[in-house]
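Notes follow once the structure below has been shown.
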Amino acid sequence: MSVLNVNSDLNEQQLLAVESTANHTLVLAGAGSGKTKVLTHRIAWCIETGQVRPDSILAVTFTNKAAKEMQHRIQSLIPTPINRMWVGTFHGIAHRLLRMHYELANLSPQFQIIDTDDQLRIIKRILKELDFADKEYDPKEIQSRINFWKEEGIRPKNVQVEGCSNDEMSLQIFKEYEAICIKSSLVDFSELLLRVYELFSDNISLLETYRSRFQHILVDEFQDTNKLQYRWLNLLASQKNNFFVVGDDDQSIYSWRGARVENMQKFRKHYPDYNLIRLEQNYRSSSNILSAANALISNNPSRIGKNLWTNKEDGKPLMLYSAYNELDEARYVVDTIESEIQSDHEHKLSDCAILYRVSAQSRVLEDALRLKGIEYRVYGGFRFYDRAEIKDVLGYLRLVFSKNDDAAFERVVNFPPRGIGDKALGAIREGARSYNVSLFEAAETLLKNKELPARTEKALNDFFMIIENIKNHEVIDNDSLSELIEIISLKSGLVEHFKKEKGGRGLDRIENINELTIAAKDFDGVEENGILESFLTQASLESGETQASEGADCIQLMTLHSAKGLEFKFVFILGLEEGLFPHKRSIGSMEQLQEERRLCYVGITRAQEYLCLTHAESRRLHGSEYLTSLSRFVKELPESTIEHVRIGGSFIDFSNEEKQSSEGDYQLGQIVEHDIFGSGIVLALEGRRESLRIQVNFEDSGIKWLVASYAGLKKI
DNA sequence: TATCCGACCTTTTTT
DNA sequence: AGGTCGGATA
């Protein structure tokens, strides 16, 4: 099929984008408007019309999944092999560049990527060593502070401290952290990006090489780029390069992890000759669903602005169900799936998604689905390579690979427990610092010099024996990674340890280790150096989406965040209540509230034919029960698109339960007045009757916890 | 050194 | 409710 034919099924706007001849193009692509289609067709078109060779194209995405899908879709459009094209995530591409230019980037050739967990471990260790223990500092907070700095492109030497003691001490940790990373050749996620940025800005000739190599740079989900990623792209994309970005400001839902929608405005400023193309025809949703989405998002004042339209029929109205509580809500959703969807053989279970704001909401649903024997799959949550047992095995693997991997040493030296506690570890760290060697080498030295108590000495010797044992096997079968992992899981005592774990949890873990062995089989028999490296890289850069049930036909459960980019015939959005959605942590700020609204917009626009919204009048969350009020987002939807579902017979079933206490007098979001503090908004309720405590955000006096029976609050 | 118990906290997630 | 963390205890 020729590309011209392929392009013939594009609409006018899509075609303009695909064949845009401007050097810089910003495509404002509404939900369901064929964003990926435009991106893939453009690449296909560029190659096929002979304008560009695949290896002068750089296409950047945010997830590995998106990268793979893009590659796949392009290849299905054109016969030219595209494996020399650079398609990948920011991190994947950065990693590739650093491996190629490690010397210029001041890295050792065998630098290791560490993940969030390893990073936190290092920070905790630093805190302990610097004796910050007495102060109430949260390692996680420091971690995000450090990553925030890095994502701003800031090194410790560039930090401007403004007399804030918290910052000062974070800076001290930052310095120490950087020293450790340099010493042990560790690179964290934000470091990957920052290094490449510095690599390019410090080596103009290298930058020029890549500028002329990557004639075309394309970016997906541009609204999700952070500051550093933008600077990175901006460096690479000179005025001469062809820079093509696709994004939707209305779907920006990741500002909390550094995404900057403003990058879309920046693009317009940096590339003034840019060509702006709006994709506004929606091919996904029925007209009712789209009207609801449009009405909702129009309440956000700061938008670039676009209006999605469709030539589809009105379709079914949106259903709004008012549940008595979260159990009733789950029951209604599951019943509806059973009666409306499962009964019709035209429909597959996988056409159907249940979306919610917080992952804690999935429990009740899972229970209800299991009760009915309906297959389901929960997306997100724990990722495969993040599981503790997987990281344990990988820890051994890393240590076998490199003695100098301190993070791996710490993880594994006393796991499974073999009597090397804090004290022994402290001595080893001390030794490592004074001899300026790795922990592993320090331990060896301590052992040689007989500086340790007999018990520790024996334990440590055992540990070295294990590592030695594993290594010997490696020599025999050095082309079988899966075998090596099997040997590790046995010799390390991990499997034995997990077998003893109570509650069946351990068997799951062993199962996961087996899966890791299977994943490693892909690398078996590859006659190439650095197999271990590439396996470890895959483990740290990819989340391991390979769940057995992925292809199975089942109901899809996920948070609204993880639903972005997907579409389903039937969508249920649950928990439309003030305080839950919009979440109470976002209610206080205009910016965050707008982001919640965009999240709701993302949710609504996932639906093709059928959309059901629910809220529960009473909800049990974190152990206590709250009375709720309907989400403002529902009130922003046009009444004409909504049908209210009457509460079914099940209401009676629940009325037998213990009656709600009078805590119901207060609702989240309610305005109250206090004699001294003035007026404020109820943020949270806890306990009941005389022990009921209320958290109120007072206009003048800030957030306070009050005991309801003493406070004498007046409802307004 | 390992384990158990109570205090505390609780949005969203990719690399 | 359920997980994590730190201190106290075996």
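Source: prediction; values computed, not measured. Numbers restart at 1 for each chain; the letters A, B, ... are given by sequence-line order, proteins then strands.
Spacing between atom CD of A:Glu221 and atom P of B:dT15 amounts to 12 Å, rounded to whole angstrom units. Put simply, CZ on A:Phe189 is 12 Å from P on B:dT14, counting in whole angstrom units. In this structure, A:Gln229 places its CD atom 12 Å from P of B:dT15, rounding to the nearest Å. Here B:dT13 presents its C1' atom at 15 Å from CD of A:Gln119, a figure rounded to the nearest Å. Atom C1' of nucleotide B:dT15 and atom CG of A:Leu98 are separated by 14 Å, given to the nearest angstrom. Here B:dT14 presents its P atom at 11 Å from NZ of A:Lys564, a figure rounded to the nearest Å. In this structure, A:Glu191 places its CD atom 23 Å from P of B:dT14, rounding to the nearest Å. Rounded to whole Å, atom P of C:dA1 lies 12 Å from atom CG of A:Leu327.
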Kindly give the atom pairs (protein nitrogen or oxygen, nucleotide nitrogen or oxygen) under 3.5 Å for nucleotides 2-4 of chain C.
residue: C:dG2; atom: OP1; partner: A:Arg363; partner atom: NH2; Å: 2.9

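At least one side-chain nitrogen or oxygen of A:Ser562 sits closer than 4.0 Å to the OP1 or OP2 atom of B:dT13. Dashed line: the shortest gap from a side-chain N or O of A:Asn414 to OP1 or OP2 of B:dA2 is under 4.0 Å. A:Thr559 has a side-chain polar atom (N or O) that falls below the 4.0 Å cut-off from OP1 or OP2 of B:dT13. Residue A:Asn64 places no side-chain N or O under 4.0 Å from the OP1 or OP2 atom of B:dT14. Taking side-chain N and O atoms only, A:Lys124 has a distance below 4.0 Å to OP1 or OP2 of C:dC5. Considering only side-chain N and O atoms, A:Arg585 lies under 4.0 angstrom from the phosphate OP1 or OP2 of B:dT11.
Among the heavy atoms of the strands, none lies under 4.0 Å from A:Asp224. Using a 4.0 Å heavy-atom cutoff across all strands shown, A:Ser540 reaches no nucleic acid atom at all. Backbone-only engagement by A:Ile420 is indicated by non-hydrogen atom pairs under 4.0 Å involving sugar-phosphate atoms exclusively.
Comparing A:Thr456 and A:Leu599 by the nucleotide of DNA chain B whose heavy atom lies nearest to each, the residue mapping closer to the 5' end is A:Thr456. Of the two residues contacting DNA chain B, namely A:Asp386 and A:His622, the nearest-nucleotide position lying further toward the 5' end is that of A:His622.
We find that the ring of A:Trp256 and the base of B:dT11 do not stack by the test of centres under 5.5 angstrom and planes tilted less than 30°.
With contacts defined as side-chain heavy-atom distances shorter than 4.5 Å, the pair A:Gln229/A:Phe62 qualifies. Two residues are said to be in side-chain contact when any heavy atoms from C-beta on lie closer than 4.5 Å; A:Arg260 and A:Gln223 fail this criterion.
No side-chain N or O of A:Tyr230 forms a donor-acceptor pair with one of A:Glu262 less than 3.5 Å apart. Side-chain atoms of A:Ser302 and A:Gln594 include a donor-acceptor pair closer than 3.5 Å. Side-chain atoms of A:Asn325 and A:Ser618 form no donor-acceptor pair, as typed in the model, at a separation below 3.5 Å. Residues A:Tyr379 and A:Arg377 have side chains that bring a donor and an acceptor to within less than 3.5 angstrom of each other.
With hydrogens and angles left out, the side chain of A:Thr116 and the base of B:dT15 share a donor-acceptor pair within 3.5 Å.
Of the candidates B:dA2, B:dT13, B:dT11, B:dT13 carries the atom nearest the A:His561 side chain, counting heavy atoms from C-beta on. Minimum atom distance to the side chain of A:Tyr254 is reached by B:dT13, of the listed B:dT13, B:dT12, C:dA1. Among the nucleotides B:dT15, B:dT11, B:dT1, the one closest to the side chain of A:Gln592 is B:dT11.
Stacking of A:Arg387 on the aromatic ring of A:Tyr385 is not recorded, the 6.0 Å distance cut-off and the 45° axial limit not both being met.
Between A:Asp224 and A:Lys564 there is a salt bridge, since a side-chain N of the basic residue sits under 4.0 Å from a carboxylate O of the acidic one.
Taking the centre of each ring, A:Phe581 and A:His615 stay at or above the 6.0 Å mark.
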